[in-house]
Student: 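This structure is in structure tokens; I'll ask about it shortly.
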Amino acid sequence: MGIIRNLAASLIVFRPSSVRNSHAIIMSRRLHARRTDGVDKNVWVEFTQLAADYKAVNLGQGFPDFSPPQFIQDAFCKAISGGPTMHQYTRAFGHPPLVKNLAKFFSRIVGHDIDPLEDILVTVGAYQALFSAFQALVDEGDEVIIVEPFFDCYQPMVVMAGGKAVYVPLRPKGGSTVLSSGDWVLSAEELTSKISPRTKAIVINTPNNPLGKVYKTEELQMIADLCIKHDLLCISDEVYEWLTYDGAKHVKIASLPGMWERTVTIGSAGKTFSATGWKVGWAMGSGNLIKHMKTIHQNSVYHCATAAQEAVARGFEREYELFGKPESYFQQLPAMLHHKREKLASCLQSVGLQPIMPEGGYFMVTDISSVKVDLNDQSSTDESHDFRFVKWLIKEKGLATIPVSAFYSPEHGKEFDKYIRFCFVKEDSTLDAAENILRKWSQQK
Ligand code: PMP
Ligand code: GLN
């Protein structure tokens, strides 16, 4: 309302005396900025609402439906009862104990001395770290290469920064017998062919949402070599870094030779400590890159919730001490999720759906082309098959998932609209409820 009132107030000056209706005056001039054109649809807004409207069993949006571990809940409680400073602003670019503990923790992993004050920016979730990276580093007309399938917000964020998104898909190498996310590969030739003099950055996401692909060192090295050869930045979204299975190993591209200087690595406490609602995230990289992101941050969000940052700081302190030990949450969470991954996979197989086994993350993609349902009733027929299928599944069967073409550019979505994504970071009882729905349905078919 504020902007509409202000606009109306400023327009009074220009109001022709014959026009009395201020509403008509507002409508006579463009209200919205052009950068919002074409980025108004959002899969999370749409499907989270639909799942709620139909009270569906929700294996759609990626959030745990269980509580974060007790130690981090205790840390938050302690923070909010810890005196006045915990309720007031802290340092704009990150609460000092948090940046200190992040630097200490990740220096050991990246093999590089991370400066807590220069090389880290704490943000409102990984979303704001991504937004600040694109705003700070992508200029009008710059091209940004995005590997498909990709977490959907990368594209609107590039566009809103004035850049142009250029896509390169991971391709399934086994034809119709693709069984693992590791079968989806990035061709060096195809990636190279997308690089132009305007290319500024390559965006990767490992472990990948939605596929669960965990990039191998050789694959990261190939991307790194191209970044170095063509003087490109790399924005590496690693929010699922602790969630890998069956011996897959998460490698930070920033740890490869020559990459620290040109990589922004993005993380999320929401994923790390199963507390997505806290919205604490971070960007890490050379101070030369991060300083530009700080400029965006200080002129927009400025600062993130103090008590949540304090709690996350304590979480990393604990994990530093327990690193590699069985008590570490970074060991326990993937162990718990490994069991849930198996549970969901066998449920899907038992009803004839072949999952693509994720090597990481907490999502599982499955091919629905063998499922015969009449989707003619489902809203507009110009929507892609997976969108219509997911709507049908929510409305008719009470089970929410996410259409995979949402993770593709409009140009390539059609090729991949035979897949849907299930989330398995859910209570076993939620997974059981989903299984009941699928079994009942398969028995009716
Ligand atoms: N990147 C990826 C790949 C994601 O799946 C998500 C969703 N949580 C985000 C970034 C955003 O994370 P956050 O909730 O910390 O903003
Ligand atoms: N990252 C989460 C997912 O992929 C949720 C994103 C959102 O709700 N905006 O499901």
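Both backbone and side-chain heavy atoms feed into the values below; hydrogens, waters and symmetry mates do not. In listed order, ligands and their atoms are each counted from 1.
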Student: Has the side chain of Asn208 got a donor or acceptor atom that lies under 3.5 Å from a matching backbone atom of Pro149?
Tutor: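 It does hold such a pair.
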Student: Are the charged groups of Asp246 and Arg341 less than 4.0 angstrom apart, N to O?
Tutor: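 Answer for the salt bridge query: yes.
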Student: Got a salt bridge between Asp65 and Lys426, using NZ or NE/NH1/NH2 to carboxylate O under 4.0 Å?
Tutor: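 Salt bridge flag = no for Lys426 with Asp65.
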Student: Taking any residue with a non-hydrogen atom under 4.0 angstrom from an atom of ligand 2, which ones do you get?
Tutor: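 Around ligand 2, where the cutoff is 4.0 Å for heavy atoms, the contacting residues are Trp44, Gln61, Gly62, Tyr127, Phe151, Asn209, Tyr240, Lys271, Phe363, Arg421.
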Student: Less than 3.5 Å apart, N/O on ligand 1 and N/O on the protein: could you list those pairs with the distances?
Tutor:
unit_1, atom_1, unit_2, atom_2, d
ligand 1, 1 (N), Asp237, OD1, 3.4
ligand 1, 1 (N), Asp237, OD2, 2.5
ligand 1, 5 (O), Asn209, ND2, 2.8
ligand 1, 5 (O), Tyr240, OH, 2.5
ligand 1, 8 (N), Lys271, NZ, 2.7
ligand 1, 15 (O), Ala126, N, 2.8
ligand 1, 15 (O), Ser268, OG, 2.7
ligand 1, 16 (O), Ala126, N, 3.0
ligand 1, 16 (O), Tyr127, N, 3.0
ligand 1, 16 (O), Lys279, NZ, 2.7

Student: Report yes or no: does Asn205 contribute a side-chain atom to a donor-acceptor pair with the main-chain N or O of Phe150 at less than 3.5 Å?
Tutor: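 Looks like no, no N/O pair under 3.5 Å.
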Student: Just jot down the salt bridge (charged side-chain N to carboxylate O under 4.0 Å, His left out) partners of Asp367, sequence neighbours excluded, or say none.
Tutor: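 Salt bridge (charged side-chain N to carboxylate O under 4.0 Å, His left out) check on Asp367 returns Lys418.
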Student: Scan residues 304-314 for pairs that pass salt bridge (Lys or Arg N to Asp or Glu O under 4.0 Å), counting only residues two or more places apart or in two chains.
Tutor: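 The answer is Glu310-Arg314, Arg314-Glu317.
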Student: Would you compute the distance between atom CG of Leu344 and atom CD of Gln349 and round it to the nearest 0.5 angstrom?
Tutor: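 Reported value, rounded in 0.5 Å steps: 9.5 Å.
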Student: Should Arg34 and Asp37 count as an ion pair when the cut-off is N to O under 4.0 Å?
Tutor: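 A salt bridge is absent here (no side-chain N lies under 4.0 Å from a carboxylate O).
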Student: Within 45° of the axis and under 6.0 Å from the centre of the six-membered ring of Phe93, does NZ or CZ of Lys294 qualify?
Tutor: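 Because its charged atom sits under 6.0 Å from the ring centre and within 45° of the axis, Lys294 does stack over Phe93.
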